[in-house]
Amino acid sequence: MIIYTLNFLLAVLIGSMTFFIAVVSPSIFATLSTNASSKLLRTIFPRMFLFGFIIAILSLILSYISDNILNSILLVIVAVSFIINRNYLTPKINNFRDKELEGDSKASSSFKYMHLLSVLLFVLNFIILIGIVINNYFNYNL
């Protein structure tokens, strides 16, 4: 029963990440002005990362209870990645973006680097989460 609940939580997280990338972000950029889209994304991203962190922690607890050390380690990585994205990278990205818009050319390269790092952590989390679900499927014969 724990594995079913764990996989459900992971599916919710994977689905929300997919929905955000495939639907929310493109819709925001297609319909809002640059200024409005920036304000909206600055509100959504920290909340999305917090949501991912909370789901990862709940999943970590379930994984730990089911004595799956590999899943537990991977979920620690996912949770830490989400909180780094929320509490460290996102504020820096926003700061560098503001400076870039003010004409600071050095901030532009820092913005691109931090944004790339944020995207890579997001993709890494996505891959890890799918890997955990696949691992659970084959190891627990759901």
Side-chain angles (χ1 to χ4, degrees), residues 1-32 34-102 104-142:
M1 183 66 164
I2 290 175
I3 297 303
Y4 290 111
T5 306
L6 172 62
N7 275 354
F8 174 77
L9 286 174
L10 296 177
V12 166
L13 185 51
I14 292 166
S16 68
M17 292 170 75
T18 303
F19 182 75
F20 186 82
I21 295 304
V23 177
V24 175
S25 289
S27 298
I28 289 171
F29 287 120
T31 58
L32 299 177
T34 303
N35 190 32
S37 64
S38 176
K39 286 181 182 180
L40 182 58
L41 290 173
R42 286 179 185 215
T43 301
I44 291 177
F45 270 113
R47 292 175 183 180
M48 181 191 60
F49 293 142
L50 181 60
F51 175 77
F53 174 75
I54 291 168
I55 298 296
I57 291 296
L58 292 173
S59 299
L60 172 62
I61 292 167
L62 293 174
S63 184
Y64 182 77
I65 290 170
S66 68
D67 287 329
N68 190 318
I69 300 303
L70 177 61
N71 281 356
S72 297
I73 292 169
L74 292 173
L75 287 166
V76 166
I77 292 168
V78 169
V80 168
S81 175
F82 274 122
I83 212 69
I84 286 171
N85 240 333
R86 181 184 191 274
N87 292 349
Y88 179 73
L89 292 176
T90 298
K92 290 218 176 271
I93 289 168
N94 292 340
N95 183 39
F96 287 129
R97 179 66 174 154
D98 291 342
K99 288 180 180 178
E100 178 186 32
L101 292 174
E102 293 170 359
D104 184 347
S105 60
K106 185 178 178 184
S108 178
S109 62
S110 297
F111 166 77
K112 289 176 185 174
Y113 172 75
M114 290 292 186
H115 184 264
L116 176 63
L117 186 57
S118 176
V119 169
L120 290 175
L121 286 176
F122 192 85
V123 170
L124 176 67
N125 281 353
F126 190 78
I127 292 168
I128 289 172
L129 293 168
I130 290 174
I132 292 171
V133 170
I134 291 170
N135 180 52
N136 287 346
Y137 178 79
F138 285 110
N139 287 326
Y140 295 100
N141 297 318
L142 302 174

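Note that these values count all heavy atoms, side chains included, but never hydrogens, waters or copies made by symmetry.
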Item to check | Euclidean distance, L121 CG relative to I77 CD1, rounded to 0.5 Å | outcome: 11.0 Å
Checklist outcome for this item: Closest heavy-atom pair, A107 versus E100, reported as atoms and distance to 0.1 Å, is CB-N, 3.8 Å
Checklist outcome for this item: One should read off an interatomic distance between R97 CZ and S108 OG, to the nearest 0.5 angstrom, of 8.0 Å
Checklist entry - For L6, which of V133, I65, N71, I61 qualifies under side-chain contact (heavy atoms from CB on, under 4.5 Å)? => result N71
Checklist entry - Got a sec, which residues hit side-chain contact (heavy atoms from CB on, under 4.5 Å) with L40, two or more places apart in sequence or on another chain? => result I28, L32, I44
Checklist entry - For the atom pair CD1 (I132) and CD1 (I14), what is the distance rounded to the nearest 0.5 Å? => result 8.5 Å
Checklist outcome for this item: dist L60:CG -> L74:CG (nearest 0.5 Å) comes out at 10.5 Å
Checklist entry - To the nearest 0.5 Å, how far apart are CD1 in I128 and CD1 in I130? => result 11.0 Å
Item to check | Shortest non-hydrogen contact from F82 toward M17 | outcome: CZ-SD, 4.0 Å
Checklist entry - Does the side chain to side chain contact (heavy atoms under 4.5 Å, CB included) test come out yes or no for I21 and F126, once each step is laid out? => result CA-CA 11 Å; I21 295 304; F126 190 78; over 6 Å; no
Checklist entry - How long is the span from the CG atom in L50 to the CG atom in N85, to the nearest 0.5 Å? => result 12.5 Å
Item to check | Under 3.5 Å: donor-acceptor pair, side chain of N139, backbone of N135 | outcome: yes
Item to check | Nearest heavy-atom neighbours spanning S59 and L10 | outcome: OG-CD2, 3.6 Å
Item to check | Derivation of the side chain to side chain contact (heavy atoms under 4.5 Å, CB included) call for V119 and V123 | outcome: CA-CA 6 Å; V119 169; V123 170; 4.3 Å; yes
Checklist outcome for this item: Sorted by chain and number, sequence neighbours left out, side-chain hydrogen bond (donor to acceptor under 3.5 Å, both in side chains) with N125 holds for S81
Checklist outcome for this item: Closest non-hydrogen atoms of A79 and I57, given as atom of the first, atom of the second and distance, are CB-CD1, 3.8 Å
Checklist entry - What residues form a ring-ring contact (aromatic ring centres under 6.0 Å, His included) with F111, not counting sequence neighbours? => result H115
Checklist entry - Which pairs with one or both residues in residues 104-116 pass salt bridge (charged side-chain N to carboxylate O under 4.0 Å, His left out), sequence neighbours excluded? => result none
Next on the checklist: Between Y137 and N7, is there a side-chain heavy-atom distance shorter than 4.5 Å?
Outcome noted: no
Item to check | ring-ring contact (aromatic ring centres under 6.0 Å, His included) pairs, two or more places apart, involving residues 48-77 | outcome: F45-F49
Checklist entry - Where do L41 and F29 come nearest, in terms of heavy atoms and distance? => result CD1-CZ, 3.3 Å
Item to check | Residue pair R86 / P46: nearest heavy atoms and the distance that separates them | outcome: NE-O, 3.2 Å
Next on the checklist: Can you see whether S63 engages N68 through a side-chain donor-acceptor pair at a distance of less than 3.5 angstrom?
Outcome noted: no
Checklist entry - Does any non-hydrogen side-chain atom of L58 lie less than 4.5 Å from one of L62? => result no
Item to check | Donor-acceptor contact present, side-chain S118 to main-chain M114, <3.5 Å | outcome: no
Next on the checklist: Quick one, L129 and L75 - any side-chain contact, counting heavy atoms below 4.5 Å?
Outcome noted: yes
Checklist entry - S38: what forms a side-chain hydrogen bond (donor to acceptor under 3.5 Å, both in side chains) with it, not counting sequence neighbours? => result R42
